[in-house]
Colleague: 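Shown below is the structure under consideration.
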Amino acid sequence: MAAPVMNKSAESPRTSSQTVTLGKSLNLGLRAAMEADPKVIVMGEDVGKLGGVFRITDGLQKDFGEQRVLDTPLAESGIIGTAVGLAIRGFRPVCEIQFDGFIFPAFDQIVSQVAKLRFRSQGKINLPMVIRVPFGGGIGAVEHHSESPESYFAHTAGLKVVSCSNPVDAYWMIQQAIRCDDPVLFFEPKRRYYEKAELDFDAKPEPLFASRVLRKGTHATIATYGPMVKTCLESAAAAAEEGKELEVIDLRALSPMDLTPVYDSVRRTGHLVVVSEAPGEASLSSEIAARVQQECFYSLEAPILRVTGFDAPYPPSKLEEEFLPDLDRVLDAVDRSLGW
Amino acid sequence: MAAPVMNKSAESPRTSSQTVTLGKSLNLGLRAAMEADPKVIVMGEDVGKLGGVFRITDGLQKDFGEQRVLDTPLAESGIIGTAVGLAIRGFRPVCEIQFDGFIFPAFDQIVSQVAKLRFRSQGKINLPMVIRVPFGGGIGAVEHHSESPESYFAHTAGLKVVSCSNPVDAYWMIQQAIRCDDPVLFFEPKRRYYEKAELDFDAKPEPLFASRVLRKGTHATIATYGPMVKTCLESAAAAAEEGKELEVIDLRALSPMDLTPVYDSVRRTGHLVVVSEAPGEASLSSEIAARVQQECFYSLEAPILRVTGFDAPYPPSKLEEEFLPDLDRVLDAVDRSLGW
Amino acid sequence: MSSPEQWTHPEPGVGPAATAAKPTAEQVIAGLRATSEGGPELVQLLTPEGERVPNSQWDPYVSDVTAEDLRNLYRDMVLTRRVDREANALQRQGQLGIWVPLLGQEAAQIGSGRALKPQDMAFPSYREHGVAWTRGVKPTELLGIFRGTDHGSWDPLANRFHLYTIVIGNQVLNAAGYAMGQRFEGKVGDDDGEATICYFGDGATSQGDVHEGFVWASVYDAPLVFFCQNNQWAISEPTERQSRLPLYQRARGYGFPGIRVDGNDVLATLAVSRWALDECRHGNGPVLIEAFTYRMDAHTTTDDPTRYRLSDELEAWKLKDPIERVRVHLVRHMDTENEFFDQVQDESDQLAAELREFCQNMPEPPPGRMFSEVYAEGSPVLDAQRDAYLEYAAGFDGGEH
Amino acid sequence: MSSPEQWTHPEPGVGPAATAAKPTAEQVIAGLRATSEGGPELVQLLTPEGERVPNSQWDPYVSDVTAEDLRNLYRDMVLTRRVDREANALQRQGQLGIWVPLLGQEAAQIGSGRALKPQDMAFPSYREHGVAWTRGVKPTELLGIFRGTDHGSWDPLANRFHLYTIVIGNQVLNAAGYAMGQRFEGKVGDDDGEATICYFGDGATSQGDVHEGFVWASVYDAPLVFFCQNNQWAISEPTERQSRLPLYQRARGYGFPGIRVDGNDVLATLAVSRWALDECRHGNGPVLIEAFTYRMDAHTTTDDPTRYRLSDELEAWKLKDPIERVRVHLVRHMDTENEFFDQVQDESDQLAAELREFCQNMPEPPPGRMFSEVYAEGSPVLDAQRDAYLEYAAGFDGGEH
Ligand SMILES: Cc1ncc(C[n+]2csc(CCOP(=O)(O)OP(=O)(O)O)c2C)c(N)n1
Ligand SMILES: Cc1ncc(C[n+]2csc(CCOP(=O)(O)OP(=O)(O)O)c2C)c(N)n1
Ligand SMILES: [Mg+2]
Ligand SMILES: [Mg+2]
């Protein structure tokens, strides 16, 4: 994939490598995708002049015009429902849902149309659309702004679901998601928007639907995704100081999941901790546990433990540090697993 | 609980016991609840004169009037959203969603209001409402009429979710759900509406949120709910002929789940098969597997196996027999588990 | 009186608030707040008796319609009805799981469908068998949905006729998006412009998605004709459960025109639809059309309308039959011979026979179909499920299990 | 011109379809299709210059308003603004996570809030700090939401002021249901009847839930006043992104009255709201009020309006300030002495100081709060999670981990 042509935007000079935040990375990725394909359009609330409340679409309307970057009316079902029509017409809409908690008005369109139309038409209609969702807590927000709804979509056949955890992945994954001919729910770890990394525009990205081992380890395996990846890497670093080597796997693809690296790892470590900030009940973390216990039955030396948000509504933000899995809770679970 | 007073309805004479279908049972249960509490109102599409497309509300509007049995406008968000307001006002709305696949327009109201309002108000507001959903396949219907969306709601903190599997439970559970001060999603196995059983109006019902061992067995445990209960009981009967005694547990409560009887059973049998017709990914069946592998780690002699719908959209009805778990697939899983 | 606002809404002014207007059940039925009467605003060009009503406003839109054209419209309606009745019978005989009859709505569907140009797109609900016909979808291609072998086997892009949408209201947003796309691609603005038509029922107007479709289409000037077939029933609920006012008036609140046409009058529907589509293709969309019609049969073959409506109503509407009035007109005023009618009759018998034949011989879909075409780029998880299932299923073939 | 239908929608008739009406950006801004001008239909009783405009239609609804009453309305607005500014400052100083300013919307909120009778119910969105004030909710009770300690600590039933609703549009359906309940309980029909008012913004009008609220309330004759504060912006989007027409006209399509009032005129808002509430309590609901106002501050403290709107606009609206016009009127025409203004000033300083003091001393919620009051009848699963968590957390107290 070529470096994005950024001739239109003075502030982003063309270089083969740049230090960028995750948010900026997404912005650059969107820009590259829009330049690569005139059928890519961006739509959502406040994505135009404002550049989105997180500025992920900053400058795009200025450079690509109002017909490719649409400030839509305020209604999520409308955003997704019209995007379906635009996709049928041959566009590749990239919809922004302003916050995780506001995807639910669009749930029906997503479940009944986005997920099913290709199957219904036996492949005569493709829906190459991306639904971008800043998700998760940890930003001190008011209610409905810190939800982790990814499991609803993983449970919905016909959708693909991914989540990036770092600026480099963000840049490539958003472009891959846009190029994908299937509808992709793209979950962005909003509390990590300001994390920085060096982005090499000439690198060859990983495939979109592949998990990645981010840290090798021998004592226990941690499977996680999105905002919790950083937490888990920090946990692994802390554990290392105590002589415990944790293998950390960033799932990246949440549906379909690529669990092979997890199976491989668990076969070596015998211990698995699954970390996600979403409530655990009937979730992706349950699914991982269910599948790993089946695949690695004889390798497991302890039950698979889950560190998740609680099965309660997301609390007022003063309590979110307690609600969200953190280094201590991850290490506590690792210890419990190792000490089983 | 007393026998329902049915003085208004000539066709249902007062008796202490009666052979009824599951559908009729629900009708009698609704009637009893409406007689017991004038604040109970029934609302939904076609629930009035028509008595609902499955006739579950048959005769209720005639007997209780148009202000207690409301034929609403055709919009599910409206049904649930106004029921929330009615509940705030002190009513106990019982909403009918005509078919499983049509609950999604109401998803936002359910997730953002129904599930969270009590927590948000720190208990100052109760939402004693019931959302009845005929669910599941096997009736040869067109698209969207055979979905099993219960996992979405089990994943949503703040809701309670139950499913009945037989006429006796149906009668008691609907009344208990209506009396419950929490919002209850009530999943009705529509393909079992015409199953019959003897209903004893003077019996003392089980608690609502308790699972039940329906058949004792020693070789393997089957955990299931809703429409699959019958399938599993039939499987157990067939297995018994081959000398395999399966313990069949009807979960009844899907959130919170009462897994203690499952743990107890698995500790004895060492084998667990979870059966549900919903797609498996990130579902209740995953949750059961995740929890049981943790609780019964040392008792399990084989991995927990799941027999579920596939992770594909529900197929055209000519294929539903293949999509839905049946006796053979259940027994195949049991055999795989026992032969592990 | 189609604007009953005055009695529900006294003007502010001196004096106490007006007393509550509590219409009795009789008043409601009599149409005091009714949404079901025709009213002076109903566009009608052909009376139920088959007489042509001159109308300076609308005649221009059908001035080119020859006797031949009218005979074709008649033929369309007869064939459509015949397909509908045959499918209904096939359901009764167990060949179909369910059927959704359009009986009575032939004029609304043929009139609007024939107003479409080839470049136009149509988004149906689930009852639009007549529109399907006008888009070149073969009646046999509809059957899979109702027999349970597929979800519609025509090519929605080639036919420019989207698949049926069952979740009430969803397609209205999809259509709005499609029409926005037509505009974004610059395909709007002159006689060759493209337009989209979207079908939905009276009940659907209550859904949030339909509203959002109105908002989107109006804000983006989408070339979209909202075609509401008010057949007066949403299963068992009369239109009064959805609205105080006639539905075409809904458009007034969004700033685009709403018009009510006699949906049992194929000529009027053709005229109004042509006008609306032309407005759209020239860039003046959207437009709402309420086609006032009547669902003469049950909601579906599983429905029992005797539980909620009187047969009188049906009898009254039989007198307004959409086909009969054209027949009378063709005979009385357009020199149409019996031969023509016989020929259409034969043709329809032939079509019905083919349909029946086709239906009875429809193959069962293969089990792998469950897993096919879910994803354009596949899914290893689902592929594994398919492989495991097919292997498992193969165990039964000649197996012993 | 508030009904721009004529140029977008030529009448059908002879000749080709009209040419597309393509307003230029300038025309849009000039209000050709604008939803933002006042227009002749704007109800105003007090001009921005503080002059009373006689209005035979609306005067009766405020004929009982004495100088004392007007001073009270003034006081309400000043205190409300002061609370708003103080909270905004508290956010800047890190005491609140976010604040949602109502600056500029005091008249719309106080005028409508003071029109409520004690038995009435109000459903706010998230910016209704002024309405909260009129319902007896203490400003301190609002703070938890924005400091992150709770989701609103007032008693919504005792105050007859529902909790703030953040998901745009949700509360409109909840309010419709509540109002239906008032009707079902027979609390509607005379001067002592109950009514409900529901607040939402211009942006919210696009949401399906708001539409469904309109449908339900009209079909059930719910005693519900839809109170839309059109502050002309939905975050960065002007009202033109939501509608072609002024929003009050939306009601026309549902068969209930819609009226546009100068939302910066507390007297006009009081009059219109009283009328609307009275209509509702007598059984003639629902009614839509569009209060035409302006969001003078950012959307929230995290927003940066310089990115999307010109400061000119703000300057123009400063001249229409809702408080200033009452002040001028009180001085010029109602013999109000400086003393009064000083006293209100003191009172507001006092209130602000209390607010600050309270805010700085708000206790952190206990960890167990996360698990509390989720269910009325508890949940063993959640209880187990709570117990395990509290035990785990206890390990840190003086522990070593
Ligand atoms: C979202 C949703 N809710 C409920 C249904 C069940 N249902 C199917 S058709 C129908 C009535 C539709 O009435 P209307 O819109 O008037 O169309 P008609 O069937 O009369 O053509 C209902 C309630 C559905 N298909 N989708
Ligand atoms: C369903 C939903 N989508 C998006 C948001 C994010 N959001 C919060 S306020 C707002 C704009 C609301 O505008 P308006 O209705 O005019 O009310 P105002 O804020 O101007 O008072 C948006 C998009 C939300 N809260 N809920
Ligand atoms: Mg209808
Ligand atoms: Mg606004």
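A, B, ... follow the sequence lines: proteins, then strands. Residue 1 opens every chain.
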Colleague: Has D/Glu391 got more than 12 heavy atoms of other residues, nucleotides or ligands less than 6.0 Å from its CD?
Modeller: no
Colleague: Using a cut-off of under 4.5 Å for heavy-atom pairs, which of D/Gly97, D/Gly203, D/Ala204 has the most such pairs with chain A?
Modeller: D/Gly203
Colleague: What part of A/Arg55 gets within 4.5 angstrom of chain D, counting heavy atoms only: side chain, backbone, both, or neither?
Modeller: side chain
Colleague: Does any heavy atom of chain A fall under 4.5 Å from the side chain of D/Asp202, the backbone, both, or neither of them?
Modeller: neither
Colleague: Has the side chain of D/Glu364 got a donor or acceptor atom that lies under 3.5 Å from a matching backbone atom of A/Lys318?
Modeller: no
Colleague: D/Ile235 versus chain A, heavy atoms under 4.5 Å apart: side chain, backbone, both or neither?
Modeller: both
Colleague: So for D/Ala393, is it side chain, backbone, both, or neither that comes closer than 4.5 Å to the heavy atoms of chain A?
Modeller: neither
Colleague: Please classify the contact between D/Val167 and chain A as side chain, backbone, both or neither, with a heavy-atom cut-off of under 4.5 Å.
Modeller: both
Colleague: Might you point out which heavy atoms bring A/Asp58 and D/Arg307 nearest each other, and give the distance in Å?
Modeller: OD1-NH2, 2.6 Å
Colleague: Considering non-hydrogen atoms only, spot the tightest contact between D/Gln207 and A/Leu74 and give its length.
Modeller: CG-O, 3.3 Å
Colleague: Measuring only between side-chain heavy atoms, which start at C-beta, is D/Arg147 closer than 4.5 Å to A/Pro316?
Modeller: no
Colleague: Check whether any side-chain heavy atom of A/Leu70 sits under 4.5 Å from a side-chain heavy atom of D/Arg241, and report yes or no.
Modeller: no
Colleague: Which members of residues 134-143 of chain A, sorted by number, sit under 4.5 angstrom from chain D on a heavy-atom basis?
Modeller: A/Val142, A/Glu143
Colleague: Could you pull out all residues at least two apart from D/Phe161 that satisfy ring-ring contact (aromatic ring centres under 6.0 Å, His included)?
Modeller: D/Trp154
Colleague: If you count heavy-atom pairs within less than 4.5 Å of chain A, which of D/Pro367, D/Ser379, D/Gly144 leads?
Modeller: D/Pro367
Colleague: Non-hydrogen atoms of chain D under 4.5 Å away: do they reach the side chain of A/Glu321, the backbone, both or neither?
Modeller: neither
Colleague: If I take atom CZ from residue A/Phe323 and atom OH from residue D/Tyr389, how far apart are they, to the nearest 0.5 angstrom?
Modeller: 11.0 Å
Colleague: Measure the CG-CZ distance between A/Asp311 and D/Arg386 for me, rounded to the nearest 0.5 Å.
Modeller: 13.5 Å
Colleague: Quick check on D/Gln93: does its CD atom have over 12 non-hydrogen neighbours (other residues, nucleotides or ligands) under 6.0 Å away?
Modeller: yes
Colleague: To the closest 0.5 Å, what do you measure between OG (A/Ser317) and CD1 (D/Ile98)?
Modeller: 10.0 Å
Colleague: Minimum heavy-atom separation for A/Phe310 and D/Met370, please, with both atom names.
Modeller: CE1-CE, 3.8 Å
Colleague: For chain D, which residues of residues 96-113 of chain A have at least one non-hydrogen atom nearer than 4.5 Å to it?
Modeller: A/Gln98, A/Phe102, A/Pro105
Colleague: Among residues 41-54 of chain A, which ones touch chain D with a heavy-atom distance under 4.5 Å?
Modeller: A/Gly44, A/Glu45, A/Asp46, A/Lys49, A/Leu50, A/Val53
Colleague: Side chain, backbone, both or neither: which part of D/Pro305 has a non-hydrogen atom closer than 4.5 Å to chain A?
Modeller: neither
Colleague: How long is the gap from CG on A/Leu319 to OG1 on D/Thr149, to the nearest 0.5 Å?
Modeller: 9.0 Å
